[in-house]
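Taking it in order: structure first as structure tokens, then the write-up.
To find a chain, count down the sequence lines: A is the first, B the second, and so on, and within it residues start at 1. What you see below is based on every heavy atom in this structure, not just the backbone, and it leaves out hydrogens, waters and symmetry mates.
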There are 2 protein chains.
Amino acid sequence: MNAPQPPDDTAPTEVARSTIADVARVAGVSKATVSRFLNHRDKLLSAEIAARVEAAIASLGYSPSPMAQALKRGRSRLIGLVVADITNPFSVAVLRGAEKACQQAGYLVMLFNLGNQSEREREGIEALASYQVEGFILNTLGADPTAAGEVARHGKPAVLVDRRPPGMKADFVSLDNADAVRQAAGHLLANGWREMLYVTEPIKGVSSRVEREAAFRAFIAEQGRAAGGQTLEAGEGDDAALVQALKDWRKRAGRKPVAVIASNAVVTLRVASAVAQLGWQFGTDLGFVGFDDTDWAPLIGPGLSTIAQPTDDLGHVAASCLLERLQGRQLPARQILLPGKLVVRGSSQRAA
Amino acid sequence: MNAPQPPDDTAPTEVARSTIADVARVAGVSKATVSRFLNHRDKLLSAEIAARVEAAIASLGYSPSPMAQALKRGRSRLIGLVVADITNPFSVAVLRGAEKACQQAGYLVMLFNLGNQSEREREGIEALASYQVEGFILNTLGADPTAAGEVARHGKPAVLVDRRPPGMKADFVSLDNADAVRQAAGHLLANGWREMLYVTEPIKGVSSRVEREAAFRAFIAEQGRAAGGQTLEAGEGDDAALVQALKDWRKRAGRKPVAVIASNAVVTLRVASAVAQLGWQFGTDLGFVGFDDTDWAPLIGPGLSTIAQPTDDLGHVAASCLLERLQGRQLPARQILLPGKLVVRGSSQRAA
DNA sequence: TTGTAAGCGTTATCAC
DNA sequence: GTGATAACGCTTACAA
């Protein structure tokens, strides 16, 4: 304990970031000149000075502080991405697409994950806004209507993905839900499944859920007596209830071939689990199509048929929309619907 | 073209964020006083003035700009998280844990996804550092050795998750790989599987892959003639090759019961797909344990046995380590190994 | 073509 | 206790 204390700079000699002032000093010019070199490159600069500045920058390994730039310019090269649930593969896939597009355009994505707690929407938007993000990509909103206002208040452009809050005017990018549901249901019907059950998470006014369920009902209505259908809202953690509901429903259907449409990957998992418990086989006891073509879908039972969402495009398009507006283009709020693609596997083909 | 230009304030009357100066004016005090109120709250403030400031802040809906604060203080309340591949459920799970801990401590997580392009490590670290992140959580590094130096250069604390680059001194949080492999292999052996194949992504010096494979080899060596084992590095997209390799290997094993250990979820998927193509059944033709307990594991075949990583804890612990250091604690580089948990399902139990 | 100086929104160091 | 004032690292009139 009495040993001479080594100098307590345990932190590995923190190399202070060099600033524009350092560069200026080394190059023997003013800060303004360096800044010009950075922002206007060739214009208004004598070759000799430009070279000196360039050398100084290189020798110091200087790069400008985005923070300071943001403070001064009011622009940050940051895009705020609010995601409902990072655990949802759909959200992640969209994120990936968006991120790629943003990075290509020189923007960095700042992520705020709601973890499905919609009451944190405002919080997320506030936090992001305070970092001067230039725009928002929102894969959430539905519950908290004030959050929409929150975005508007900042006057920053926003694009909505997948979910559209009640009265919000903004670009909207989403799967063409109506078409996708028709593809799924139509395919099942064509394969001889006569009685369908649409299983969804509790709808709770979430726009994509509303749209899909409505499309399902519309489809069934159109078919007259050719097909029957109903909707089941399955709450999380209610596994036993789902099993029971499926059993009852199939019994009621009598001898009609029955099929389930699952509204997303989470529901697919729950249904698959219930089906396993019941000892049923996809494709023989039960037809099935689920939304979201996950990489495990081919491996369950005879392979699960799915509606693949163009997630990468969704993210890419969302980012592009936003970037366009950031370039100052003034357009009315657009609504971009991308088609889903039916991937046929064993679960939707009658094997009995 | 000659039409009178409408005033181009099409942007929805951008409500300028109110600044500390606004608050000062409204409250009839100086900026310094407002700042004191914000940072030192009660100390050194007369009740009357404090009340006035508080009222002004409330009425303006003021909140300080983190950017300006970061610029001034050199601290940003930001933590940089570099993730090898946001598509990997393991990475996402860790991210979730880390994010939760950070948010609780008042930090925001800034995410940089490498998309598996390890050559972008430097880039990511640079980008994050330029935003003055106070520390790093790195779920990557292995390939680019200069990236490690990059982190050190900034003198900011970092904690490594899952992968540890060659010569980097920093906190390290990871699954106890050696123990996990022994659990998996031991369990298979105990269930009568005599010949094992360890299937991994190309090892390429990635520490976690190296450790797991080494542990597997060590385990086999210890068993003497009680068990045989070999390793297969399966490159991505090489599906046909994997199928062939499995076939050959099983043939060579003769009548000995064979089992596969998959080094992570991605490999599990590839193996499951190959097994399906071969028409084999898990649990009868082939034993199986895979790393990472995904939510689809129970649904494939008779259920896939897995080693569940404590992902949430991993992320949480990583964040805690970092936060501790940010609080100024000087500790030697720690190494925290969390145990995995064997989840037994049908695939590892001999049904034949 | 280049330099000077003001200011972005904060916080910290002084005086008063 | 409170208020000027000078930074933090950068951009941008305005001068020269």
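Panel note: side chain A:Thr311, backbone A:Ala93; no donor-acceptor pair is recorded below 3.5 Å. The backbone N or O of A:Tyr107 lies less than 3.5 Å from no partner atom in the side chain of A:Arg77, so there is not a single donor-acceptor pair. Distance alone, capped at 3.5 Å, places no donor-acceptor pair between the B:Lys31 side chain and the B:Ala24 backbone.
Donor-acceptor pairing under 3.5 Å is recorded for the side chains of A:Arg17 and A:Ser63. A donor-acceptor pair shorter than 3.5 Å cannot be found between the side chains of A:Gln330 and A:Arg325. Side chains of A:Arg73 and A:Gln132: no donor on one and acceptor on the other come within 3.5 Å. If you check the side chains of A:Thr140 and A:Glu121, you find a donor sitting under 3.5 Å from an acceptor.
Listed pair A:Ser46 / C:dT2 meets the phosphate criterion, a side-chain N or O lying under 4.0 Å from OP1 or OP2. Between A:Tyr62 and D:dC10 there is a side-chain polar atom (N or O) within less than 4.0 angstrom of OP1 or OP2. The shortest distance between the side-chain N/O atoms of A:Thr19 and the OP1/OP2 oxygens of D:dG9 is not below 4.0 Å. Phosphate contact (OP1/OP2 of C:dG3, side-chain N/O of A:Thr33, threshold under 4.0 Å): present.
Residue contacts for B:Ser63: at a heavy-atom cut-off of 4.0 Å it reaches the sugar-phosphate backbone alone, with no base atom in range. Counting non-hydrogen atoms under 4.0 angstrom, A:Ser35 reaches a base of the nucleic acid.
Relative to the side chain of A:Ala68, the nucleotides D:dA4, D:dC10, C:dT11 differ in distance, and D:dC10 lies closest. The A:Arg36 side chain lies nearest to C:dT2 when the options are D:dT2, D:dG3, C:dT2. Counting only heavy atoms from C-beta on, A:Ile20 has its side chain closest to D:dT11 among D:dT11, C:dT4, D:dA4. Taking only side-chain atoms of A:Val29, from C-beta outward, the nucleotide of D:dG9, D:dG3, C:dG3 with the closest atom is C:dG3.
At whole-Å resolution of the value, CD in B:Gln132 and P in C:dT10 are 17 Å apart. Rounded to an integer number of Å, the gap from A:Arg25 CZ to C:dG3 P is 15 Å. Rounded to whole Å, the distance from CZ on B:Phe37 to P on D:dT2 is 12 Å. Across the protein-nucleic acid pair, B:Asn39 atom CG and C:dT10 atom P stand 11 Å apart, rounded to whole Å. Distance, A:Lys31 NZ to C:dA5 C1': 9 Å, rounded to whole Å. We find that CE of A:Met67 is positioned 15 Å from P of C:dG9, with the value rounded to whole Å. Between the NE2 atom of B:His40 and the P atom of D:dT2 there is a distance of 14 Å, given to the nearest Å. Atom-to-atom, OH of A:Tyr131 to P of C:dC8 comes out at 21 Å; the value is rounded to the nearest Å.
When each of A:Ala21 and B:Ser30 is assigned the nucleotide of DNA chain D with its nearest heavy atom, B:Ser30 is the one assigned upstream, toward the 5' end.
Within a heavy-atom distance below 4.0 Å of DNA chain D, the residues of residues 69-76 of chain B found are B:Leu71, B:Lys72.
The one candidate from A:Asp162, A:Asn113, A:Asn139 that meets the side-chain hydrogen bond (donor to acceptor under 3.5 Å, both in side chains) condition with A:Ser91 is A:Asn139.
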